[in-house]
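One structure below.
Start at 1 and go down the list; that is how both ligands and their atoms are numbered.
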Amino acid sequence: MKMGTALIYDEEMTKYKLLWVDPVCKIEVPERLIVSYEALVKSGLADRCVSIPVREATDAEILLAHSEEYLEAVKKTPFMHLEELMTFTQKYGDVYFHPNIYHCAKLAVGATLQLVDNVMTGKVRNGMALVRPPGHHSQSSAANGFCVFNNVAIAAQYAKKHHKAKRVLIVDWDVHHGQGVQYCFEDDPSVLYFSWHRYEHQSFWPNLRESDFDSVGSGKGAGFNVNVPWNKVGMGNSDYLAVFFHVLLPVAYEFSPDLVFICAGFDSAIGDPEGHMSATPDIFAHLTHLLMNLADGKVCAVLEGGYNLTSLAQSVCQTVQTLLGDPAPRPAQLGGACESALESIHSARAIHKKYWSCLQHAAAPFPEEPSSKNRRLAQQGGSQGPEGDAGGDAQKEEPEKVEEKEEEEIVWPEPLRRVAPSLRSALLLPDAVECPDGCARFSPAHGPGPLERARLRKSYLKESEDEASVTLLYNLTALLGQMEKNEIRNGLALVPDVSMAATLLTSASLSKRVLLVWMGEGPVPAQIIEDEKTLVVHIDSMEPHEAQSKYYIPITLKKGCGDTAGVVQAVLGLLLPLGYQYEPGLVLLARPPGCQVKGGLWQQLTCLLQGLALGHTLVLLQENETAPVGITASGLLGNAALSLGPLVAPGPEDVGSFEGLRLRLQTDWPLLQTTAPEKR
Ligand SMILES: CC(O)(O)CCCCCNCCCN
Ligand SMILES: [Zn+2]
């Protein structure tokens, strides 16, 4: 599988700036690119990337998303003097022009297309384009919101036209709604546009009715536009992950894109003057990780916004470091999404329920409630206004002005260094099984002494087993030990008895919390279930066993683990939220004999789980089932899992049992929540 991460940047794109006074535009400064690139260089990340040169986009490429008259008009700006530039700028909103901005805008598009070319031809696996001016607000015939040409919209059209991309996913995590992208693909079912954005019931810029969750696309494009409006500021890591687990990822896996763009705006990070959100820079490592197993890993991140130079630089580094395959950071204490976020999640799932089979039976029916704008008006009109009498003329639609009060200094901890162990994947295989290339066959520094042998035999081998089993168990604990000292990142072991190996590892682990994912027939050893420090998520076809404890969670599928669509929904909507909230120090993925999980899905699981426990994933396979060794090793080595292809609907009865489980567990595990608690 292709490795390598492209970094596309040219300092020419720093050579334009605001030439007059404009409080709205003054935050879009050249230093945004400078600090981002310098941080990548200083951290050593830039050197690990494949540096790809920028180029100017051609007229034909720009016309993929813009009108001729707009392009012709912009072409005149290099020759304008100040007054003419200011007059020209007045035609558009929240944007400024400069004699060199047309050149930079062509480079921003060209940089994005260079990234697409290198990813789609397999020269690199993924990459990031550090560009300005940004793109996602610009429209066919209009500049808007610091944007001149719509870099990502053009690139998506280009990928369809020149690289035969059939389905393109655009994930816009910038804190503003990329209405330009939404308009461009409104009726296009081959491009799925997802955006969350600060909205505050339409009182936040760009104050558009069509930024609300009920804009789902039109005509053949219905369902292929997913908006998640933030109606409050202060959204944090839990809110962002909840939207990924319960809205974006289920739909994205069902859509099964062959190319992923990220409109990577970092004004959604803490400290940003536009966003006023609370999510910390390390969250972008997880958001990136969760997208990297779509489209066979073909992910193109393109810079959009981000105006706090500190959180911008940190967030860019977190994103690039994940694209490079480094271990994910430990997510900051996660809880559940806040009530406002849950309302947005619920609304998005409900309105899209008729377009996406993953939501068909899950999302509650969508009551015809007024749009969020009318709701706000109703609140204002009906209740006492702030000044004590009926709040002014409710009909007059005045978006509240956000007072530009003095920004108090917001501080947050610098993201922890993410150290990749020297050895990534160690395999414990019987000599007869050859070790896939790229991996190292594990052998401990020294073998077990007689005391160690006796202890292992007594505890796990009922005295009778042969020496080879004792050595194997000892090797397992040695492998575990090196993982927990972060000398090895992850591992794979072929063992004669998965149950016994899992029992040994959960008891031998020094981690305070172990996540055991058991894929298939049980029973899971009672000793493990009773072990307070181990959370067991058991995906299986059997009816749930006796009452579960908080730490033993059986997820049943009528057709068992062979039901790919069902397992995907269980993994995205239940297992991952549980795992992220539990924050284990070790993840064990056990494949008991007779496990029906299909190869591609098994690899997805192996890859997705590496977002937990700093990537310390230990996979246990039954030694006489060697078929999954290659794909498991490939996933552990950091290769992207192969795309599963479009997914069919999970069985309604399975979804029913998932939702029942969610309801039962969400008090203990609030990250499972997908809807606001009933209004009391
Ligand atoms: C790329 C980007 O989405 O970050 C551009 C954002 C433009 C914001 C316009 N100013 C809004 C004034 C209200 N505070
Ligand atoms: Zn933005």
Quiz item: Can you tell me if an N/O/S atom from E274 lies under 2.8 Å from the Zn ion (ligand 2)?
Solution: no
Exercise. Would you mind listing which atoms of ligand 1 come within a distance below 4.0 Å of any non-hydrogen atom of V24?
Key: 10 (N)
Quiz prompt | H81 and E84: side chain donor to acceptor below 3.5 Å | solution = yes
Quiz item: Does the separation of the ring centres of H176 and F204 fall below 6.0 angstrom?
Solution: yes
Quiz item: Which is it for E28 and ligand 1 at heavy atoms under 4.0 Å: side chain, backbone, both or neither?
Solution: neither
Practice problem: Check the angle between the aromatic planes of F244 and W196 and answer parallel, tilted or perpendicular using the 30° and 60° thresholds. | Solution: tilted
Self-check item: For the Zn ion (ligand 2): the N/O/S atom of D174 at shortest distance
Solution: OD1
Quiz item: Taking atom types as modelled and ignoring hydrogens, do the side chains of Q202 and N207 form a donor-acceptor contact shorter than 3.5 angstrom?
Solution: no
Exercise. Using distance alone, with no hydrogens and no angle criterion, decide if R349 and T675 have a side-chain donor and acceptor under 3.5 Å apart.
Key: no
Quiz item: Atoms of ligand 1 less than 4.0 Å from G305 heavy atoms?
Solution: 1 (C), 4 (O)
Self-check item: Audit row: D187, S218, side chain to side chain contact (heavy atoms under 4.5 Å, CB included) steps and yes/no
Solution: CA-CA 5 Å; D187 60 356; S218 55; 4.0 Å; yes
Quiz item: Regarding N231 and S340, is there a side-chain donor-to-acceptor distance under 3.5 Å anywhere?
Solution: no
Quiz item: Just checking, any donor-acceptor pair under 3.5 angstrom between side chains of N227 and E210?
Solution: no
Self-check item: Heavy-atom nearest option to atom 3 (O) of ligand 1, drawn from H137, E274, E304, R32
Solution: H137
Quiz item: When only distance counts, is W205 in polar contact with ligand 1, meaning an N/O pair under 3.5 Å?
Solution: no
Quiz item: Is any N, O or S atom of D267 under 2.8 Å away from the Zn ion (ligand 2)?
Solution: yes
Exercise. Run the numbers for me: atoms of ligand 1, each under 4.0 Å from some heavy atom of Y307, listed by number.
Key: 1 (C), 2 (C), 4 (O), 5 (C), 6 (C)
Quiz item: Does the cation-pi check pass for R132 over Y16, that is, NZ or CZ under 6.0 Å from the six-membered ring centre and within 45° of its axis?
Solution: yes
Exercise. Return the name of the atom in H176, of element N, O or S, nearest to the Zn ion (ligand 2).
Key: ND1
Quiz item: Which of the numbered atoms in ligand 1 are below 4.0 angstrom from a heavy atom of P134?
Solution: 1 (C)
Quiz prompt | Short N/O/S contact of H197 with the Zn ion (ligand 2) (below 2.8 Å) | solution = no
Quiz item: Taking both backbone and side-chain atoms of D94, is any N or O found less than 3.5 Å from an N or O belonging to ligand 1?
Solution: yes
Practice problem: Provide the number and element of each atom of ligand 1 under 4.0 Å from a heavy atom of H136. | Solution: 1 (C), 2 (C), 3 (O)
